[in-house]
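Quick notes on the structure that follows.
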There are 2 protein chains.
Amino acid sequence: MVRSEIPDIVVGRLPLYLRALTRLQNDGADFTSSHELGQRLGISSAQIRKDLSHFGEFGKQGTGYDIASLIDALQGILHADRVWPVALVGIGDLGHALAHYGGFTNRGFTITQLFDKDPTKIGQRINSLVIESADVMQASIRKARIKVAMIATPADSAQIVADALVQGGVLAILNYAPITLTTSNGVRVQHIDPVIHLQRMAYYINE
Amino acid sequence: MVRSEIPDIVVGRLPLYLRALTRLQNDGADFTSSHELGQRLGISSAQIRKDLSHFGEFGKQGTGYDIASLIDALQGILHADRVWPVALVGIGDLGHALAHYGGFTNRGFTITQLFDKDPTKIGQRINSLVIESADVMQASIRKARIKVAMIATPADSAQIVADALVQGGVLAILNYAPITLTTSNGVRVQHIDPVIHLQRMAYYINE
DNA sequence: TAGATTGTTAATCGATTAACAATC
DNA sequence: TAGATTGTTAATCGATTAACAATC
């Protein structure tokens with residue numbers, strides 16, 4: 001198994017498989033099949049089997065997949081078998097919502113640092129975390145060996161923040177600002193912009 | 001131009017082009033090229049030209065694209081040349097953040113209705129909007145001819161909410177609940193789950 | 001004019017799917 | 001055993017890219 005040869009599009013589907021399997025498990029199921037999983041996800045069973053085959057053999061002919069062990073395997077592959085500390089930059093409405101969100105920790109991530117550049121916010125608490133100044137961000141994340149960060153600043157600040165995060169050692173950035181970020185090689189960036197999705201769907205509405 | 005023949009993956013890139021063009025315009029530029037646009041987006045210039053060619057001819061040899069008219073064209077294609085009223089269901093932390101977000105309206109959408117099933121929330125105001133009961137949702141969105149909705153409920157309620165939205169005439173759903181929704185044909189669904197993106201990136205971090 | 005850039009064609013590249021032997 | 005489902009192969013399908021004539 002050579003990691004670099006696995007298509008990124010395949011990697012992108014693994015978290016969906018993991019999420020669906022976890023839900024099946026919560027619903028009390030012990031086994032599932034590529035067919036059942038595919039139906040739930042709107043993906044062909046062949047594609048699921050093909051995707052998994054990049055990483056090993058996880059099923060049994062006739063019976064399908066043991067849900068618990070496939071979850072374990074996928075968590076290992078995705079490095080979701082630990083809890084990554086995450087820095088969150090930009091504590092506006094969205095930043096608050098992300099800081100309060102309880103769904104990160106049991107899926108491999110936990111927000112451990114909050115940053116903002118607004119002096120009136122610095123020092124405030126959310127849960128047990130204190131909002132720190134953006135000025136100390138780079139040093140602080142380096143010291144804490146943070147590899148994962150989320151940007152929830154306005155668009156104008158996002159690229160500058162991203163540059164500082166990368167300088168501080170961050171390797172993965174989830175960007176909520178409505179702008180495409182540029183980063184050096186080796187740094188992963190994913191973008192979340194609700195309007196992009198809304199516009200994509202509005203195309204198909206004929207009115 | 002036959003709409004149904006245009007690949008969805010092409011449609012999915014048009015909002016990115018539109019966003020980048022708007023930013024260029026705000027920065028004072030009048031013209032751009034497929035090369036410049038591609039560099040900003042991390043996409044090849046050939047792909048941008050090919051994508052646009054599905055919808056017509058928008059550029060000039062030698063000079064590239066007039067930004068203002070390409071923005072106009074893309075807004076028309078994406079139906080972002082109007083302001084779609086949007087229903088938002090589930091007014092927790094994320095719902096509040098979305099309701100307060102000021103970035104929708106100038107990009108084609110505005111939240112006009114809020115719903116929650118928690119009796120303590122119903123009747124509360126956010127900006128000038130009143131949170132309504134989920135019980136009246138279906139009738140209310142039908143009356144207002146709402147075609148676009150956002151779900152920000154917990155995972156357990158999301159499918160039920162989606163079914164009701166579709167019954168009420170909604171054709172496009174942006175789902176923030178961490179679950180894959182099933183809908184009838186003709187209804188578009190897009191999912192936003194930050195953990196999916198984080199896991200996808202964590203795969204590449206070797207630690 | 002000379003340089004730049006488009007829109008389009010054809011080739012390449014990669015992803016998805018159908019089919020089935022293997023086997024639980 | 002009979003039925004079900006895997007993992008894998010080969011074929012199909014679709015998307016991306018390179019190249020260039022056209023032309024501003």
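Residue numbering restarts at 1 for every chain, and letters A, B, ... go by the order of the sequence lines. Only this structure's heavy atoms are used, side chains among them; waters, hydrogens and symmetry mates stay out. Everything numeric here is computed off the predicted structure, so don't read it as measured data.
Contact annotation: B:S44 side-chain N/O to D:dT16 OP1/OP2 distance is not under 4.0 Å. In terms of phosphate contacts, A:Y65 brings a side-chain nitrogen or oxygen within less than 4.0 Å of OP1 or OP2 of D:dG7. Using a 4.0 Å cut-off, some side-chain N or O of A:S34 falls inside it from OP1 or OP2 of D:dT6. Contact annotation: A:R13 reaches the phosphate of C:dT16 (side-chain N/O to OP1 or OP2, under 4.0 Å). OP1 or OP2 of D:dA22 has not a single side-chain nitrogen or oxygen of B:Q61 nearer than 4.0 Å.
What separates CD of A:Q47 from P of D:dA11 is a distance of 20 Å, to the nearest Å. A:F55 places its CZ atom 13 Å from the P atom of D:dT8, with the value rounded to the nearest Å. Straight-line distance from the CG atom of B:D8 to the C1' atom of C:dT16: 16 Å, rounded to whole Å. When rounded to the nearest whole Å, the span between CZ of B:R49 and P of D:dA22 equals 16 Å.
Comparing atom distances between the A:I9 side chain and each of C:dT17, C:dT16, D:dG7 picks out C:dT16 as nearest.
A salt bridge between A:R13 and A:D8 is absent, with no side-chain N of the basic residue lying under 4.0 Å from a carboxylate O of the acidic one. Using a 4.0 Å cut-off between charged side-chain N and carboxylate O, B:D66 and B:K60 make no salt bridge.
Across every strand in view, D:dA11 sits in a pair with C:dT16 that passes the Watson-Crick or G-U test at under 3.5 angstrom. Taking a pair to require two hydrogen-bonding distances under 3.5 Å in either a Watson-Crick or a G-U wobble arrangement, C:dT6 pairs with D:dA21.
Residues B:S45 and B:K50 both approach DNA chain C. Their nearest nucleotides, taken by heavy-atom distance, put B:S45 toward the 5′ side.
A donor-acceptor contact closer than 3.5 angstrom links the side chains of A:R19 and B:T180.
The neighbour count for A:H191 NE2, taken as heavy atoms of other residues, nucleotides or ligands under 6.0 Å away, is above 12.
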